[in-house]
Number of protein chains: 2
Amino acid sequence: MATIHDIAKELNITASTVSRALNNHPRISEATKKAVLKVAKRLNYQPNHIAAALRNGRSNIIGIIVPTADRSFFGSVIRGIEEVAKRAHYNVMICQSHDDYESEVSTVEALLNARVDGIMASFAKNTENFDHFKKVHDKGIPLILFDRSFSGLDVSQVVIDDYLGAYQATEHLIQQGCRRIAHFTSVKKISIYKERLRGYKEALEAYNIPYRSELVLESYLQFEDGIEGLNRLLDLEEWPDAIFSASAYSAVAALAACKERGIAVPNQIAIVGFANEAFTSFCDPPMSTVDQQSMQIGTAAAEIFLEQITVGRDRFVPKRIVLTPELIIRKSSLKNPMKFSEK
Amino acid sequence: MATIHDIAKELNITASTVSRALNNHPRISEATKKAVLKVAKRLNYQPNHIAAALRNGRSNIIGIIVPTADRSFFGSVIRGIEEVAKRAHYNVMICQSHDDYESEVSTVEALLNARVDGIMASFAKNTENFDHFKKVHDKGIPLILFDRSFSGLDVSQVVIDDYLGAYQATEHLIQQGCRRIAHFTSVKKISIYKERLRGYKEALEAYNIPYRSELVLESYLQFEDGIEGLNRLLDLEEWPDAIFSASAYSAVAALAACKERGIAVPNQIAIVGFANEAFTSFCDPPMSTVDQQSMQIGTAAAEIFLEQITVGRDRFVPKRIVLTPELIIRKSSLKNPMKFSEK
DNA sequence: TGTAAATATGCAATCGATTGCGCACAATTC
DNA sequence: GAATTGTGCGCAATCGATTGCATATTTACA
């Protein structure tokens with residue numbers, strides 16, 4: 001592969017000049033620039049970013065850590081990040097933690113070794129120690145947390161207002177006439193679930209509906225957990241008349257289980273999920289859900305990164321961006337179709 | 001950040017020795033190795049992969065080009081690649097072409113500049129010129145195409161047997177008693193669609209069902225295309241009694257449109273899709289579909305890459321791996337539930 | 001015409017890790 | 001005891017691009 005030295009040799013100039021010419025340095029004559037460009041093209045020159053990265057101390061790579069890449073939510077976030085990053089000539093490097101703490105730690109290590117210029121991450125579910133992220137931040141590498149975040153670190157964050165989303169979802173169910181509203185939640189240490197639970201609770205309180213702990217089930221919110229959850233709810237003496245799930249998968253699972261048992265949705269049990277995965281709109285009845293603005297999360301995160309890079313690590317103040325989720329009402333929670341327009 | 005030179009200074013040895021010690025070179029005494037490791041830990045040493053990459057000519061990064069990252073299929077492929085790659089200490093760099101040729105070309109350029117050790121790609125829909133990929137191959141950089149591939153390049157490929165998948169899907173519809181089977185196809189230059197069309201045709205032929213061009217609709221297979229497609233089919237004098245779609249989105253769209261119009265699925269129109277996106281199992285009725293083995297595509301691609309790396313570019317013969325798709329029969333195409341077990 | 005200013009380019013060090021070669025010293029062999 | 005083999009480590013070049021400083025050549029202006 002051709003290097004700037006090869007180009008230099010051809011033109012009887014030095015590599016310095018070639019480098020400057022390629023970077024459009026003002027002190028290089030137009031004639032030389034043109035000549036360099038021409039030879040570069042002829043030799044099929046490809047700049048070696050690795051060499052430049054070593055010299056500059058910048059790799060122009062952003063590291064992304066997600067629990068898993070094959071979920072529509074994270075896919076969209078990644079897409080958002082990549083879109084903004086590319087415009088500023090950054091590439092993204094994706095790593096999956098598989099929702100495992102150990103793996104997350106080693107992934108952070110790997111990204112540091114790869115000398116990424118910044119890291120954007122959403123925690124693994126069992127991450128409780130944040131030293132590995134503290135290390136990133138201490139090294140002065142921009143760190144932006146999204147979705148599953150943690151306020152104990154003085155870093156930027158992009159989240160949605162989970163509290164609001166949950167509050168609105170619950171309120172919506174109440175307005176539909178539901179009074180025994182169950183809630184599927186997850187690991188309480190993760191703030192998004194804590195916030196969603198809080199939104200649920202406060203909505204109940206606002207409407208003078210007593211909070212019943214037997215209606216709140218904690219799990220990993222997978223598909224199976226939704227089925228199991230519904231079964232547990234149906235074992236209660238008094239059935240719930242609605243479920244607000246903190247995840248899309250367990251919501252759809254509950255819906256499927258209801259159908260299997262011949263329970264009418266939404267009339268016997270109304271259901272609202274969280275995360276606007278593609279499948280939520282295709283199930284029957286279509287699932288009401290809280291849209292998480294996934295793509296915007298990505299673009300916002302990337303923009304914060306760019307800002308931090310340009311402002312400089314010293315003068316940059318960590319930002320916390322809270323996006324407003326959108327309650328999407330579909331038939332799974334709509335007892336009176338006349339009152340609302342369907343989306 | 002600490003370098004091997006810092007460690008060397010602390011121990012009054014040279015960087016060479018430190019490097020060898022860290023790489024567990026046999027000519028370094030155990031005592032020295034231990035000492036180096038100890039100081040490395042104390043100084044919080046992080047190897048600089050960029051420096052190593054420059055020196056070694058290997059970045060340990062695999063570049064991936066997908067049309068878009070936020071589709072479950074590509075997400076799974078990426079996941080598969082990453083899983084295998086990580087074990088061999090490779091990282092992956094994701095780029096999206098947004099199904100646009102120009103963008104794909106510049107992405108390839110970017111990956112070459114980043115000096116990735118290999119590229120895995122699925123074409124953009126409008127890619128018809130393959131020079132940019134030929135260039136990759138000519139430079140001796142392992143290139144593995146998956147899903148949307150092209151046999152005119154002498155590179156490795158991982159695909160599924162689209163013909164077989166389509167044949168089985170169509171045959172299944174025929175066995176359900178369907179005789180006027182429509183087909184949603186896409187850009188014919190892309191082999192996967194050509195193959196699916198071929199499978200469809202040959203299945204018809206095998207059962208002596210005439211091929212009717214008015215039942216074969218070409219589009220980009222997005223959600224809207226599915227709705228439009230159904231409308232066009234219903235404009236025909238004689239309605240189809242089944243649809244085999246080359247994509248999941250347009251299949252689900254057709255299903256939704258049928259429901260809207262009060263057309264019974266599967267009894268009036270049976271539907272089978274392609275690509276086992278999560279939502280296909282959640283819609284109503286659950287959608288029969290051809291599973292593409294997405295994760296295996298990823299792992300297979302990564303394994304080919306590793307083999308090519310170890311075997312060496314000269315002695316490596318491009319491989320073509322054809323995975324067998326799996327027809328998943330669900331209710332959207334099951335006119336006689338007694339005869340088949342549901343999945 | 002002489003000199004300061006502007007222009008165009010070269011020199012050489014640098015980023016951090018790797019590695020072929022060589023040298024010293026120790027262990028082993030005959 | 002001399003010769004051979006083995007062990008442990010240092011020297012210095014290398015990967016390719018970048019950049020502060022120096023230098024050479026022009027241009028401009030008094």
Side-chain angles (χ1 to χ4, degrees), chain A residues 1-37 39-40 43-61 89 109-110 112-117 139-141, chain B residues 1-37 39-40 43-61 89 109-110 112-117 139-141:
Chain A
M1 291 212 200
T3 71
I4 51 171
H5 294 93
D6 300 325
I7 300 177
K9 223 170 278 173
E10 290 255 343
L11 293 167
N12 272 321
I13 53 179
T14 59
S16 327
T17 305
V18 174
S19 171
R20 290 194 176 101
L22 290 171
N23 291 308
N24 205 23
H25 192 286
R27 295 289 273 275
I28 299 295
S29 71
E30 287 305 320
T32 308
K33 284 180 187 171
K34 249 179 214 165
V36 166
L37 247 30
V39 176
L43 296 185
N44 195 14
Y45 169 74
Q46 304 259 155
N48 187 329
H49 282 182
I50 298 224
L54 177 59
R55 167 68 215 223
N56 296 328
R58 294 183 304 107
S59 62
N60 275 67
I61 296 174
H89 303 287
E109 198 84 358
L112 288 177
N113 292 347
R115 291 300 194 270
V116 295
D117 293 343
K139 278 185 191 293
I141 295 167
Chain B
M1 291 213 200
T3 71
I4 52 171
H5 294 94
D6 301 323
I7 299 176
K9 222 170 278 173
E10 289 255 342
L11 293 167
N12 271 321
I13 53 178
T14 61
S16 328
T17 305
V18 174
S19 172
R20 291 192 175 102
L22 290 171
N23 290 308
N24 204 24
H25 193 287
R27 295 285 277 274
I28 300 294
S29 72
E30 287 306 318
T32 308
K33 284 181 187 171
K34 250 180 212 161
V36 167
L37 249 28
V39 176
L43 296 185
N44 195 16
Y45 169 75
Q46 303 258 156
N48 187 329
H49 283 181
I50 299 221
L54 177 58
R55 166 68 216 222
N56 296 329
R58 294 183 303 108
S59 62
N60 276 69
I61 295 175
H89 303 287
E109 198 84 356
L112 287 177
N113 294 346
R115 292 298 194 272
V116 295
D117 292 344
K139 279 185 190 291
I141 294 167

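Because the structure is predicted, anything quoted here is derived from the model rather than measured. Chain naming here is simple, since letters A, B, ... match the order of the sequence lines and numbering starts at 1 in each. Computed from heavy atoms alone, side chains included, the values below leave out hydrogens, waters and symmetry copies.
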(request) Kindly calculate the angle separating the two end axes of the helix from C:dT1-D:dA30 to C:dC30-D:dG1, each obtained from five base pairs, and round it to 10 degrees. (result)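 Angle reported: 50°, given to the nearest ten degrees.
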
What integer distance in Å separates [X]:[atom1] from [N]:[atom2]?
X       : N      : atom1 : atom2 : result
A:Lys33 : C:dT7  : NZ    : C1'   : 12 Å
B:Ile28 : D:dT7  : CD1   : C1'   : 10 Å
B:Tyr45 : C:dG16 : OH    : P     : 10 Å
B:Arg55 : C:dG16 : CZ    : C1'   : 11 Å
B:Asn48 : D:dC15 : CG    : C1'   : 13 Å
B:Ile50 : C:dT14 : CD1   : C1'   : 15 Å
A:Lys34 : C:dA8  : NZ    : P     : 14 Å
A:His25 : D:dA17 : NE2   : P     : 17 Å

(message) Heavy atoms from C-beta onward define the side chain here; which of D:dC9, C:dT19, D:dA17 lies closest to that of A:Ser19?
(response)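 When the side chain of A:Ser19 is considered, D:dA17 is the closest of D:dC9, C:dT19, D:dA17.
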
(request) Identify which nucleotide among D:dA17, C:dG16, C:dT18 has an atom closest to any side-chain atom of B:Leu54, counting heavy atoms from C-beta outward. (result)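 The answer is C:dG16.
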
Under 4.0 Å, heavy atoms only, any strand: does [X] hit a base, just the sugar-phosphate, or nothing?
X       : result
A:Ile13 : sugar-phosphate
B:Thr3  : sugar-phosphate
A:Ser29 : sugar-phosphate
A:Asn12 : sugar-phosphate
B:Ser16 : base

(request) Report yes or no: is there a donor-acceptor pair, N or O only, under 3.5 Å between the side chain of A:Arg20 and the base of C:dG10? (result)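 Side chain to base: pair found, below 3.5 Å.
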
(request) Decide yes or no, distance alone: a donor-acceptor N/O pair under 3.5 angstrom between the base of C:dG10 and the side-chain of A:Arg27. (result)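 No.
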
Restricting to non-hydrogen atoms, name the atom on [X] and the atom on [Y] that form the minimum distance, rounded to 0.1 Å.
X       : Y        : answer
B:Gly57 : B:Asp117 : O-OD1, 4.4 Å
A:Met1  : A:Asp6   : O-OD2, 3.8 Å
B:Ala40 : B:Leu22  : CB-CD2, 4.5 Å

(request) Indicate whether OP1 or OP2 belonging to D:dC11 is found under 4.0 Å from a side-chain N or O atom of B:Thr14. (result)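 False: B:Thr14 side-chain N/O out of range (4.0 Å or more) of D:dC11 OP1/OP2.
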
(message) For a quick test of reading the model: is some side-chain N or O of B:Asn56 closer than 4.0 Å to OP1 or OP2 of D:dC15?
(response)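 Answer is no, no contact under 4.0 Å.
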
(request) Would you confirm whether A:Asn23, through its side chain, and A:Arg20, through its main-chain N or O, come within 3.5 Å as a donor-acceptor pair? (result)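 Checking the backbone N and O of A:Arg20 against the side chain of A:Asn23, no donor-acceptor pair under 3.5 Å is found.
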
(request) Indicate whether any N or O donor in one side chain lies under 3.5 Å from an N or O acceptor in the other, for A:Thr32 and A:Ser29. (result)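 Yes, a side-chain donor-acceptor pair sits under 3.5 Å.
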
Is the closest side-chain heavy-atom distance between [X] and [Y] below 4.5 Å?
X        : Y       : answer
B:Val39  : B:Tyr45 : no
B:Lys139 : A:Gln46 : yes
B:Ile7   : B:Leu43 : yes

